[in-house]
Amino acid sequence: MQIAYITYQNLGKYTSSVADEDEILLSFLTKKGLKIKEEIWTDEQVIWGNYTHLLIKSPWDYFDKYEQWTQWLNHIKLLNLIVINPIITIQWNSDKHYLKEIESAGLKTTPTQFIEKGTFSDLTTFFTIFASAALVVKPSVSGGSKNTMRFNAENVIEIQELLNGFLKEEAYMVQPFIEEITNDGEWSFLFFNGKYSHSLIKKAKAGDFRVQHYLGGTIHPQTPSKQQIEAIQPYVDQFAKGCLYARVDGFYRNGEFYLMELELIEPFLFLFTAPQSYENYYQALNQMLTSSFSFSSDLAHN
């Protein structure tokens, strides 16, 4: 069993005071006896067929190289390697149009409208649609707050001009600005192999609305109630089947949880916030590796 630990070419874009999770986790897994090696997904010198498993950890530039990412996934698919998380799930999760499917399943999500590539939409109409004086627009394929813009009546013309240019290249999504995230923070619930591991609240720095820690946001570990975890579990059970990791991000309004994003590709796992998290990750991974190995052995003998 040979495992490729998939990362990206780090150019320092996401540097912060938080410890290097990728390096620490890789060391932890190596000490557990796994034959695992870090590989950059864009490295054309890698012979992917030398591996039995690909563990997708942090391809944090996939949305900037989306065509190349899609081609790489298709290439990996042809090699019949075991990919964790599954390729079909990664492809589905890469475009936030998936929020429509989750909403259709009866689970609460942040109200969202999509503006498709090559079309035009008057941003001022969304103030009425969402009954909100402040809105946020961002690409439907994105991460790291890429081209994420907050606007209101005062700067909507400026944002409209920028958006008109962006829409020539890709689809965008519009959402109401969520005051609860500014006031209370955004929750992240981490699950490994469908089982709850740990959670935290992310808060933006003063004067910003983006909660990412590499943009100055702060991290606050939490101990949610049993009822909270049970309310989050359906997002994982229905849409993260067969996944080693799932991060459920959202906010609470009047005591009810609303999903912002279901992260199934390359979420930062905030392992440092919970003492048991590395072991939780390993145990979940080991279960999946054992299961896949047994399945492969059965095929070989049939």
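Worth knowing before you read on, the calculation uses all heavy atoms, side chains too, and leaves out hydrogens, waters and symmetry mates. Just so it is clear, the model here is predicted, and its values are computed rather than measured.
With values rounded to the nearest 0.5 angstrom, Met173 atom CE is found 9.0 Å from Thr148 atom OG1. With rounding to the nearest 0.5 angstrom, the CD1 atom of Ile40 is 6.0 Å from the CD atom of Gln9. Atom CD1 in Ile102 sits 5.0 Å away from atom CG in Leu262 (nearest 0.5 Å). Separation of atoms CH2 (Trp69) and CG (Asp64) is listed at 12.5 Å; rounding is to 0.5 Å. For the atom pair CG (Asn280) and CG (Leu285), the distance works out to 12.5 Å, reported to the nearest 0.5 Å. Taken from CG in Leu78 to CG in Leu73, the straight-line distance is 11.0 Å, to the nearest 0.5 Å.
Looking only at side-chain heavy atoms (C-beta outward), Asp237 and Phe191 stay at 4.5 Å or farther from each other. Within the 4.5 Å cutoff, no side-chain heavy atoms of Gln160 are placed close to those of Phe151. Counting heavy atoms from C-beta outward, Val236 and Tyr196 have side chains that stay 4.5 Å or more apart. Here the side chains of Pro221 and His198 are not in contact, with every heavy-atom distance at 4.5 Å or above. No side-chain heavy atom of Ile3 sits under 4.5 Å from any side-chain heavy atom of Ile84. Side-chain contact check for Lys202 versus Phe268: every heavy-atom pair is 4.5 Å or farther apart. Residues Tyr281 and Leu244 are in side-chain contact: their nearest non-hydrogen atoms beyond the backbone lie under 4.5 Å apart. Looking only at side-chain heavy atoms (C-beta outward), Met149 and Phe166 come within less than 4.5 Å of each other.
Formation of a donor-acceptor pair under 3.5 Å by the Ser94 side chain with backbone atoms of Gln91 is found in this model. Between the side chain of Ser132 and the backbone N or O of Leu135 there is no donor-acceptor pair closer than 3.5 Å. Without hydrogens or angle criteria, Thr290 side chain to Asn286 main chain gives a donor-acceptor distance under 3.5 Å. Between the side chain of Tyr172 and the main chain of Lys117, no donor-acceptor pair closer than 3.5 Å is present. Side-chain N or O atoms of Asn85 include none that pairs as donor or acceptor with a backbone N or O of Ile56 at under 3.5 Å. Within the 3.5 Å criterion, the main-chain N or O of Asn93 finds no donor-acceptor partner in the side chain of Glu263. Looking only at distances, no side-chain donor or acceptor of Arg247 sits under 3.5 Å from a matching main-chain atom of Leu269.
Using a cut-off of 4.0 Å between Lys/Arg side-chain N and Asp/Glu carboxylate O, Arg253 and Glu179 are scored as not salt-bridged. Using a 4.0 Å cut-off between a side-chain N of Lys or Arg and a carboxylate O of Asp or Glu, Lys57 and Glu38 do not qualify as a salt bridge. Salt bridge status for Lys138 with Glu261: present, with a side-chain N to carboxylate O gap under 4.0 Å.
For an aromatic pair to be called close, the ring centres must be under 6.0 Å apart, and Phe192 with Tyr278 fails this. The aromatic ring centres of His97 and Phe114 sit less than 6.0 Å apart. In this structure, Phe189 has its ring center no closer than 6.0 Å to that of Tyr235.
Val137 pairs in a side-chain contact (heavy atoms from CB on, under 4.5 Å) with only one of the listed residues (Leu162, Asn147, Leu163), which is Leu163.
For the pair Asp20 and Glu23, the tightest heavy-atom approach, listed with the atom from each and the gap, is OD1-N, 3.2 Å. Smallest separation of non-hydrogen atoms from Thr89 and Phe239: CG2-O, 4.5 Å. Taking all atoms of both residues into account, the shortest heavy-atom contact from Gly194 to Gln233 is O-NE2, 2.8 Å. Contact between Asn50 and Gln2 at its shortest, heavy atoms only, is O-CB, 3.9 Å. Val156 and Ala153 make their closest contact through CG1-O, 3.7 Å (heavy atoms, listed as atom of the first residue, atom of the second, distance). The heavy-atom pair separating Ile201 from Asp184 by the smallest distance is CG2-O, 3.5 Å.
In terms of hydrophobic clustering, with Ile, Leu, Val, Met, Phe, Trp and Tyr side chains grouped at heavy-atom distances under 4.5 Å, Tyr282 and Ile82 are assigned to a common cluster. There is no path of hydrophobic side-chain contacts, each under 4.5 Å, that joins Ile178 to Tyr252. Under the 4.5 Å side-chain heavy-atom criterion for grouping Ile, Leu, Val, Met, Phe, Trp and Tyr, Leu99 is not connected to Phe177 through any hydrophobic cluster. No path of Ile, Leu, Val, Met, Phe, Trp and Tyr side chains, each step under 4.5 Å between heavy atoms, connects Leu264 with Trp72, placing them in separate hydrophobic clusters. In the hydrophobic cluster analysis, where Ile, Leu, Val, Met, Phe, Trp and Tyr join through side-chain heavy atoms closer than 4.5 angstrom, Ile36 is grouped together with Leu79.
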Derivation and outcome, side-chain contact (heavy atoms from CB on, under 4.5 Å), residues Phe251 and Met260: CA-CA 7 Å; Phe251 63 95; Met260 287 290 291; 3.9 Å; yes
side-chain contact (heavy atoms from CB on, under 4.5 Å) between Leu200 and Leu190, worked out: CA-CA 9 Å; Leu200 55 129; Leu190 281 299; 4.0 Å; yes
Working for ring pair (Phe, Tyr, Trp, His ring centres under 6.0 Å), residues Tyr5 and Tyr51: CA-CA 10 Å; Tyr5 183 85; Tyr51 292 99; over 10 Å; no
Lys32/Glu279 under side-chain contact (heavy atoms from CB on, under 4.5 Å): CA gap, chis, key distance, verdict: CA-CA 10 Å; Lys32 287 289 189 178; Glu279 184 66 24; 2.9 Å; yes
Evaluation steps, side-chain contact (heavy atoms from CB on, under 4.5 Å), between Val83 and Ile76: CA-CA 9 Å; Val83 183; Ile76 295 301; 3.7 Å; yes
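A donor and an acceptor atom, one from each side chain of Gln283 and Gln287, are nowhere located under 3.5 Å apart. In this structure, a donor-acceptor pair under 3.5 Å is present between the side chains of Ser58 and Asp22. Judged by distance alone, the side chains of Tyr8 and Glu266 never bring a donor and an acceptor atom under 3.5 Å apart. No side-chain N or O of Tyr258 forms a donor-acceptor pair with one of Glu180 less than 3.5 Å apart. If you check the side chains of Gln175 and Thr112, you find a donor sitting under 3.5 Å from an acceptor. Looking only at atom types and distance, the side chain of Tyr245 has no donor-acceptor partner in the side chain of Ser197 under 3.5 Å away. Using modelled atom types and a 3.5 Å distance limit, the side chains of Trp187 and Gln228 yield no donor-acceptor pair.
Residue-environment remark: CD1 (Ile24) exceeds the threshold of 12 foreign heavy atoms within 6.0 Å. More than 12 heavy atoms of other shown residues, nucleotides or ligands fall within 6.0 angstrom of atom CD in Glu116. Counting non-hydrogen atoms of neighbouring residues, nucleotides and ligands closer than 6.0 angstrom, the CD1 atom of Ile129 exceeds 12 such neighbours. In Lys195, the NZ atom is not crowded: 12 or fewer heavy atoms of neighbouring residues, nucleotides or ligands sit closer than 6.0 Å. The neighbour count for Ile47 CD1, taken as heavy atoms of other residues, nucleotides or ligands under 6.0 Å away, does not exceed 12.
In this structure, Tyr66 and Tyr62 have tilted ring planes: the angle between them lies in the 30° to 60° band.
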